[in-house]
Amino acid sequence: MTDIDYARYDRIRPIRWTGDALELLDQRKLPFDTEYVRAESSDAVADAIHALIVRGAPAIGIAAAWGVVLAARDVDADDGASALAKLEPAMQHLNATRPTAVNLAWALARMRDAVRRAGTDWREALAREARNIETEDLAANRTMGEMGAALITPGSGVLTHCNTGSLATAGFGTALGVIRAGVAEERIARVFAGETRPWNQGARLTVWELQQDGIDATLVADAAASHLMKSGAVQWVVVGADRICANGDTANKIGTYQLAIAARHHGVKFMVVAPSSTVDMATASGDLIEIEERDPAELLSHRGERTVAEGITAWNPVFDVTPHALIDAIVTERGVVEHPDAAAMQVMFGPRIA
Ligand code: MRU
């Protein structure tokens, strides 16, 4: 294992807490404009999450945690227990912004616990917990990067989907962290990124993010994935997750499921990389996950300009579920679950929560 130069391989921070506001790198404007939006209230953070100014499961959770810190300013309470009920409406509002990524509900649950346990210092306790959530995410990503890269045979090519990098996390990334570590250790020789229509996280964010590190990545149309696999250029598909169920079924950006099917057909391995905050042992299987549907306008127009005939309707689910049987390895900071199923998940994460 090589020592990874994190200063080289991790340059972007999408979330900055200034002490009195949250600054969010506006991911709608990348790659050509690098602008931070300043959120001074929990409602502003909720709006930013819904609008995809900040996106990616771990980053959504971190932003929501800081949103609770902002909500605390409008609450008058002598101790944590009495603050808790008064914070609840703001937490519910944050929680409702995006339904599929479990990191959001997970981060809010941690903030609830922190305030419940706190005394008169409940505001400081909330700020400490938000900072802990962020710091732990970065550490988890670095651990997963090394564990995931270790599974990859030197000289391999990888295909990734959506954006799972520093932009989607506290830093370094999940699947992109594995790719960063794999390139640094000279295991990964070729990186391909799918466009990820309709929002183009792959085209606008992932290849740009890798370019900042000096990592060459080749962009492919989502529709080129099977053809690419057939060529023999990739040995692993490496993706992130928005929710991993108790049986290993995994929700991730729309298009992930078809990559898993194509990978199995072509003998390409399929790796899911996500922190344990993405594991949801209370949801038995992928059929029970709520799949977010977004505005059909994302499909009917490009950058605000209509590209489809008037009168056409569109369906825009933005996540899908990959059944566990198509996944070769789930990499978390706690360890690697190979050939995930309910039994293997229980060994790593404990019993299913009924
Ligand atoms: O709609 P997005 O851009 O928030 O979707 C993001 C993804 O699907 C990512 O793959 C997932 O959240 C993991 S990010 C480390």
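Index from 1, following the sequence. Atoms within a ligand are numbered from 1 in the order they appear, just like the ligands themselves.
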Sub-4.0 Å atoms of ligand 1 with respect to non-hydrogen atoms of Ala168
14 (S), 15 (C)
Value rounded to 0.5 Å, distance of CG in Asp242 from NZ in Lys253
7.0 Å
Whether Thr169 lies under 4.0 Å from ligand 1, heavy atom:
yes
Do Arg142's NZ or CZ and the ring of Tyr6 fall within the cation-pi criteria of under 6.0 Å and 45°?
yes
Between the CG atom in Asn163 and the CG atom in Leu205, the distance rounded to the nearest 0.5 Å is 5.0 Å
Contacting atoms of ligand 1, where contact means under 4.0 angstrom from a heavy atom of Arg98
1 (O), 2 (P), 4 (O)
Tell me the protein heavy atom at minimum distance from atom 3 (O) of ligand 1, and give that distance in Å.
Arg55 NE, 2.5 Å
Option with minimal heavy-atom separation from atom 13 (C) of ligand 1, where the choices are Gly177, Pro275, Ala241
Ala241
Logged contact type for Lys253 with ligand 1, heavy-atom cut-off 4.0 Å, is both
Would you please say whether a donor-acceptor pair under 3.5 Å links the side chains of Ser166 and Arg180?
yes
Polar atom proximity, His161 to ligand 1 (N or O, under 3.5 Å):
no
State whether the shortest distance between N or O atoms of Asn252 and N or O atoms of ligand 1 falls below 3.5 angstrom.
yes
Which of the numbered atoms in ligand 1 are under 4.0 angstrom from any heavy atom belonging to Ala57?
12 (O), 14 (S)
Nearest non-hydrogen protein atom, atom 11 (C) of ligand 1:
Asp242 OD1, 3.1 Å
On the six-membered ring of Phe349, is Arg334 placed so that its NZ or CZ lies under 6.0 angstrom from the centre and within 45° of the ring axis?
no
Are Asn132 and Thr135 close enough that a side-chain donor and a side-chain acceptor fall under 3.5 Å?
no
Ignoring angles and geometry beyond distance, decide whether Gly56 reaches within less than 3.5 Å of ligand 1 through its nitrogen or oxygen atoms.
yes
Distance under 4.0 Å to a non-hydrogen atom of Gln201: what atoms of ligand 1 satisfy this?
1 (O), 2 (P), 3 (O)
When rounded to the nearest 0.5 angstrom, what distance separates CE in Met345 from CE in Met281?
5.5 Å
Count the heavy atoms belonging to other residues, nucleotides or ligands that lie under 6.0 Å from CG of Asp78, then report whether that count exceeds 12.
no
Does either side chain, that of Asn316 or that of Glu293, offer a donor lying less than 3.5 Å from an acceptor on the other one?
no
Atoms of ligand 1 close to Thr174 [distance to a heavy atom under 4.0 angstrom, numbered from 1]:
15 (C)
Any N/O pair Pro58/ligand 1 closer than 3.5 Å:
no
Answer yes or no for Phe319: is there a heavy-atom contact with ligand 1 below 4.0 Å?
yes
Just by distance, no angles: are the side chains of Glu134 and Trp17 close enough, under 3.5 Å, to form a donor-acceptor pair?
no
